[in-house]
Amino acid sequence: MTAILGVLNVTPDSFSDGGRWERLDDAVAHAQRMRDAGADWIDVGGESTRPGSVAVDPREEQDRVLPVVRALADADIPVSIDTRNAATARAAVEAGATMINDVSGGLYDPHMGPVAAETGVRFVVMHWRGGVDVAPEYIDVVSEVRSELKARLAELIVFGVKPEQLIIDPGLGFAKTAQHNWELLRGLDQLTQLAPVLIGASRKRFLGRLLPPNAPLGKRDAPTATISALAASAGAWGVRVHDVAATRLALDVWDHWKTGGAGDSD
Ligand code: PMM
């Protein structure tokens, strides 16, 4: 089954849910709702990666995320920590997180590779060329993303990260145009040959382009769920989404399709 990571941004400024889950009890209640709706992991982030955002001091990031990580781990909810900072990743794993999700794939903080190796938890290596504000320049986006991710995996293995810890992510929207994102989705099989693949398309701007101008962000949940099903059918390991229920349903549709509805007798 394709894994679902439910997004929980405990930031004042993330682009789609910023400012909503800053209170601990609100954050935990939202995580519990996503868990009940079918999330396998809650991906907790304390630093916005929206275009134009500024880097957060790792201590402030930890003040935001660690109480949430602890509370979720206490409630037996699997937690992934979305961070580029090795110190935050390490502290979050000590607080109970069992996956590190690094949008820089270990490039932002040189200590991240060693922390992934020492902790031994799952490690999401997202494709990154310096953030969302970097100009997207590719000749062949699929083969360039593939070869850059392949090089990252090789380097991380040198640090002592085990191949079975590694998950890759094409980093949709991070120094990519809408067309680059679609090309990466069309070429997903090029990535699934390398390692398990996570897709983070949820509510991103390229989906907004399918909708009427100024449509509210929530309208992007239907195309997000469609992408979840299509990514699953293309062999993705997991999807990172805000609207867990819509993606759960879309993945269930794919599951029935794939199995010919095995188990549905009437
Ligand atoms: N996108 C965002 C944040 N973290 N992590 C992974 N692995 N893949 C992504 O595509 C990704 C991510 C930005 O989205 P948000 O502001 O809605 O969290």
Side-chain angles (χ1 to χ4, degrees), residues 2-21 27 30-31 34 39-56 61 64-65 68 79-85 88-89 92 97 99-108 112 116 121-129 131-134 136 145 149 152-153 165-176 178 180-182 184-185 188 191 195-208 217-218 220-221 223-224 227-228 231 236-244 247:
T2 311
I4 302 177
L5 274 68
V7 179
L8 185 64
N9 286 317
V10 281
T11 56
D13 61 343
S14 273
F15 91 95
S16 95
D17 59 349
R20 293 186 61 192
W21 318 118
H30 183 56
M34 289 195 284
D40 299 287
W41 307 78
I42 302 300
D43 189 39
V44 179
E47 183 185 42
S48 169
T49 49
R50 66 186 283 165
S53 58
V54 283
V56 172
E61 184 190 29
R64 292 177 185 174
V65 296
V68 179
V79 178
S80 152
I81 178 72
D82 184 348
T83 185
R84 312 181 285 179
N85 295 303
T88 303
M99 177 152 62
I100 299 168
N101 171 25
D102 181 353
V103 296
S104 82
L107 285 170
Y108 180 78
M112 188 61 98
V121 297
R122 301 302 297 264
F123 184 45
V124 179
V125 180
M126 203 191 80
H127 177 262
W128 193 71
R129 281 190 176 174
V132 279
D133 298 322
V134 171
V145 167
L149 282 172
R152 287 305 305 136
L153 297 185
Q165 285 177 252
L166 292 164
I167 294 159
I168 55 175
D169 182 327
L172 302 179
F174 286 80
K176 320 263 177 349
H180 292 142
N181 294 339
W182 290 116
L184 284 161
L185 289 167
L188 210 57
L191 299 180
V197 175
L198 175 67
I199 292 294
S202 191
R203 296 186 180 170
K204 287 192 177 162
R205 195 165 33 184
F206 77 114
L207 299 178
L217 277 177
R220 299 181 186 179
D221 288 333
T224 298
I227 287 192
S228 294
W237 168 86
V239 289
R240 178 184 179 277
V241 298
H242 299 84
D243 181 350
V244 171
T247 272

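Positions are given from 1 along the sequence. Remember, it's 1-based here, ligands and their atoms both numbered in the order they're listed.
Taking the charged nitrogens against the carboxylate oxygens, R240 and D169 have no contact shorter than 4.0 Å, which rules out a salt bridge.
Taking CG of D221 as the start and CG of D243 as the end, the distance is 4.0 Å to the nearest 0.5 Å. Rounded to the nearest 0.5 Å, atoms CH2 (W182) and CG (L172) are 9.0 Å apart.
Neither the backbone nor the side chain of I199 has a heavy atom within less than 4.0 Å of ligand 1. If you look at D82 next to ligand 1, the close heavy atoms, those under 4.0 Å, all belong to the side chain.
Interface atoms of ligand 1 facing H242, defined by a heavy-atom separation under 4.0 Å, are 17 (O). Close contacts of ligand 1 with L198, meaning ligand atoms under 4.0 Å from a residue heavy atom, involve 7 (N). In the vicinity of N101, heavy-atom distances shorter than 4.0 Å reach the ligand 1 atoms 5 (N), 6 (C), 7 (N).
Taking distance alone, with nitrogen or oxygen atoms compared against 3.5 Å, G200 approaches ligand 1 more closely than that limit.
Nearest to atom 10 (O) of ligand 1 by heavy-atom distance, out of R84, R240, M126, K204, is K204.
With sequence neighbours excluded, no residue forms a ring-ring contact (aromatic ring centres under 6.0 Å, His included) with H127. By the side-chain contact (heavy atoms from CB on, under 4.5 Å) test, A89 is found to be paired with T83, I100, M112, V115, residues two or more places apart in sequence or in another chain being considered.
Listed for the Q165 side chain is a donor-acceptor partner under 3.5 Å among the backbone atoms of A116.
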